[in-house]
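Remember, predicted model here, so these are calculated numbers, not experimental data.
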Amino acid sequence: ENYHTMKAQIQEMLYIEKGGDEQLKDELEAYNPLIPQGKEIVATFMFEIDSPITRKNVLSQLGGVENLIFISINGDKVFASPEDDTERTDAYGKTSSVHFLHFNMTDEQVNKFKDCDSKVELGTDHNDYLHTSVLSLETKLSLIEDLD
């Protein structure tokens with residue numbers, strides 16, 4: 001996420017819901033925390049599962065996943081800090097299908113991320129969802145614009 005994606009999201013919500021100035025205040029309050037600040041990347045992580053039955057079963061096995069999502073830069077893992085607006089895993093161990101995540105990096109990690117030769121992956125260490133995906137150069141270059 002970045003300033004431009006959040007602006008588009010707010011405009012979309014205002015257009016669809018037609019809530020006026022009062023809604024604008026609420027939308028800004030909700031989405032401003034998702035704009036990257038300095039040495040962080042902000043992401044929306046979503047499990048998109050069409051079947052309600054499958055979705056319930058899968059999400060019931062992924063409790064706490066929001067604390068196990070990472071960006072790996074040449075093997076150096078930066079774990080996400082979930083947005084703390086609400087609990088994303090309930091008392092029964094079922095996680096939400098949507099998570100808002102902040103990846104806060106050190107200066108050294110930012111410099112490595114900006115190196116076009118660095119391998120950057122997004123992944124999880126959750127035992128029931130061990131998965132990684134390499135970020136394309138195009139995605140990486142777009143994210144670099146958000147880093148100081």
Side-chain angles (χ1 to χ4, degrees), residues 1-14 16-17 23 26-148:
E1 304 297 352
N2 61 33
Y3 171 81
H4 302 291
T5 62
M6 291 297 94
K7 181 179 176 183
Q9 178 66 33
I10 290 170
Q11 289 172 330
E12 182 179 356
M13 297 301 290
L14 293 172
I16 292 169
E17 297 177 5
Q23 181 184 354
D26 293 340
E27 299 297 342
L28 288 170
E29 192 174 296
Y31 290 106
N32 275 343
L34 301 179
I35 297 173
Q37 302 295 315
K39 298 180 192 108
E40 74 172 346
I41 291 174
V42 180
T44 301
F45 188 95
M46 180 176 169
F47 296 99
E48 188 172 0
I49 304 167
D50 291 336
S51 164
I53 294 169
T54 303
R55 181 173 50 248
K56 180 181 177 188
N57 289 337
V58 169
L59 296 178
S60 292
Q61 298 173 7
L62 296 178
V65 69
E66 65 273 18
N67 298 307
L68 298 168
I69 299 169
F70 62 84
I71 288 178
S72 173
I73 309 161
N74 293 333
D76 181 14
K77 290 182 180 178
V78 178
F79 282 90
S81 298
E83 186 67 26
D84 61 3
D85 59 333
T86 186
E87 275 300 317
R88 300 289 174 187
T89 295
D90 68 19
Y92 303 102
K94 179 182 172 283
T95 195
S96 173
S97 61
V98 178
H99 299 274
F100 304 104
L101 307 170
H102 297 260
F103 297 93
N104 298 295
M105 295 183 272
T106 65
D107 289 333
E108 182 180 349
Q109 290 166 331
V110 168
N111 290 335
K112 287 180 185 177
F113 190 98
K114 289 180 175 182
D115 180 348
C116 289
D117 292 328
S118 292
K119 181 179 180 181
V120 178
E121 299 173 272
L122 178 65
T124 76
D125 276 348
H126 194 287
N127 286 335
D128 292 320
Y129 194 76
L130 294 172
H131 181 77
T132 60
S133 181
V134 177
L135 271 60
S136 69
L137 180 59
E138 182 179 83
T139 299
K140 196 170 140 184
L141 290 173
S142 177
L143 292 171
I144 287 170
E145 294 176 18
D146 297 327
L147 296 170
D148 285 343

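A donor-acceptor pair under 3.5 Å is absent between the side-chain atoms of Lys112 and the main chain of Asp76, judged by distance alone. Within the 3.5 Å criterion, the main-chain N or O of Glu66 finds no donor-acceptor partner in the side chain of His126.
The number of heavy atoms from other shown groups lying within 6.0 Å of CD1 (Ile53) does not exceed 12.
Taking the side chain as every heavy atom from C-beta outward, Ser81 and Glu40 never approach each other to under 4.5 Å. Here the side chains of Val78 and Phe113 are not in contact, with every heavy-atom distance at 4.5 Å or above. Residues Asn74 and Asp115 are not in side-chain contact: their nearest non-hydrogen atoms beyond the backbone lie 4.5 Å or more apart. In this structure, Leu59 and Ser97 have side chains that are in contact, with non-hydrogen atoms separated by less than 4.5 Å. Val58 places none of its side-chain heavy atoms less than 4.5 Å from the side chain of Asp128. Residues Thr132 and Ser72 have side chains not in contact (no heavy-atom distance under 4.5 Å, counting atoms from C-beta outward). Using a 4.5 Å heavy-atom cutoff, the side chains of Met105 and Ile73 are in contact. Between Leu68 and Tyr129, the closest side-chain pair of non-hydrogen atoms is not below 4.5 Å.
Legend: residues meeting ring pair (Phe, Tyr, Trp, His ring centres under 6.0 Å) with Phe103, ordered by chain and number and at least two apart, are absent.
Between the NZ atom in Lys114 and the CG atom in Leu141 there is a gap of 12.0 Å [rounded to 0.5 Å].
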